[in-house]
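Accompanying notes for the structure given below.
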Amino acid sequence: MKKILFIAGLLLSTAMLVAQTEEELKATQNAKKDSIAAIQGRVNAIKAQLDALPGWKIGAFGVIGTNLANFNNWYAQGLPNNSSGNIGITVNAFANLKEEKFFWRNSGNINLSWVKLDDKDDPTDDSGFRESTDVFNISSLYGRKLSDKFAISTLGEYRTTILNNFNDPGYLDIGVGGTWTPCDDLVVAIHPLNYNFVFSSEDTIFNSSLGAKILADYTKSIGSINFKSNLSLFQSYESGDLNNWTWTNSFSYTLWKMIGVGFDVGLRNNKQEALNYAINTLGNAGATFDNVDNDLQTYWTLGLSYKF
């Protein structure tokens, strides 16, 4: 009986010692986490001060998404012998100059992707990669400050595709107006005097016009998180059929050094492009601005992200 009591007491003491050690380790861990959070807070504060300094700020981040597959004699599916793939890349770059009396903000966005589905049993199908997403956008905004938050500004923005039908159509906005910068991360340009040049071989569908331009850009970096949202909107004074807008969003989370995971999503509305697609791709000769289906255009990319 004494031996049993001794062993029971020894086990109880060991359990209490382990529990106490575990609590001490957890307490130490929590203290370290608090210290890390405090250090990160100080780092973020220093970074905010650096961002507020005059001079050039240059950077880039984006997403690379890849999915490749190969099947042989996989009879459970409709195409038992096939190879498929999807490759996408997104680049968001900026070069911003901030001075006491003026600012000059330049940005670029490229989103490209290729897709293929090769049926090995069909020698006539297309076995190569085909373009599926093709977005190219650059903008330059110059502002002369009236105060810390308001400026008289001029904007130039160009949008097109580069893999296929380069500059057909292409859009060039040039205008003047005002810019509101409530914080370093957000810029809102409102230009009531803007001309939207449209370049296209289909001049019966695509038309240039005078109108108002709104450009809003929000770019934020907090520790390992990077986020960018950009809205570009043109409102024609001539006709609502000539309006267009594009809204792109990029999010990335850095896991190790400059590598992480990222997600991009884009929305677009352009009635001229919808009519051109209906007539020249679908062959609907009776399509007009009045009856065309102007569906919302979308894309998204998920994959590895990078940051420079």
Out of curiosity, F234 CZ to L210 CG, how far, rounded to the nearest 0.5 Å? 7.0 Å

Verify the distance criterion only: is there a donor paired with an acceptor across the side chains of S83 and N70 at less than 3.5 Å? no

For S229, does its backbone N or O pair with a side-chain atom of K220 as donor and acceptor, under 3.5 Å? no

Do S201 and D168 have a side chain donor and acceptor closer than 3.5 Å? yes

Between T248 (side chain only) and L267 (backbone N and O only), is there a donor and an acceptor less than 3.5 Å apart? no

Is a side-chain donor-acceptor pair under 3.5 Å present for T246 with S232? no

Centroid-centroid under 6.0 Å between F197 and Y195 rings: yes

For S209 and N196, what are the C-alpha separation, side-chain angles and deciding distance, and is it a side chain to side chain donor-acceptor pair (under 3.5 Å)? CA-CA 5 Å; S209 65; N196 178 234; 5.0 Å; no

Spell out, as yes or no, whether a donor-acceptor pair under 3.5 Å connects the side chain of K149 to the backbone of P182. yes

So which of D185, T254, N226 actually passes side chain to side chain donor-acceptor pair (under 3.5 Å) with S221? N226

If only side-chain N and O atoms count, and only distance matters, is there a donor-acceptor pair under 3.5 Å linking S236 with N243? no

So, for Q272 and D241, which heavy atoms are closest and what is the spacing to 0.1 Å? CG-O, 3.7 Å

Minimal heavy-atom distance between V292 and A274, with the atoms involved, is CG2-O, 3.7 Å

Do the side chain of D134 and the main chain of L163 share a donor and acceptor less than 3.5 angstrom apart? yes

